[in-house]
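We count residues from 1, following the sequence as given.
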Amino acid sequence: MELGSISNTLNTRNVSSQFDAAILRKSMDSMEEMGDSMIKMMERSVYPNLGQNIDTTV
C-alpha cells in the first residue's frame, strides 16, 4: 500500500470520527432539552390552574 493511500484512509477515518462525535453531541443536547421540557410539563400538570386567576380586589 502506498503511503499516500494510508494517509488518506487515516484522514478519512479521523474526519468520520469527528463527524460522528458531533452528531452524538447534538443528539445528546437535543435529548437533554426534551427532558427539561418534559420536567416542566409534568410540574405544570400537578397544579394545572396555577397562575390562571389573579385576585385584584383587596
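- Between the OG1 atom of T9 and the CG atom of N14 there is a distance of 12.5 Å, given to the nearest 0.5 Å.
- Considering CE of M38 and CE of M31, their distance stands at 9.5 Å, rounded to 0.5 Å.
- Remark: the backbone N or O of R13 is paired with a side-chain donor or acceptor of S17 at under 3.5 angstrom.
- Side chain of T12 to main chain of N8: a donor-acceptor pair is present (N/O by atom type, distance under 3.5 Å, no hydrogens or angles).
- Going from atom CZ of R25 over to atom OG of S30 covers 15.0 Å, rounded to the nearest 0.5 Å.
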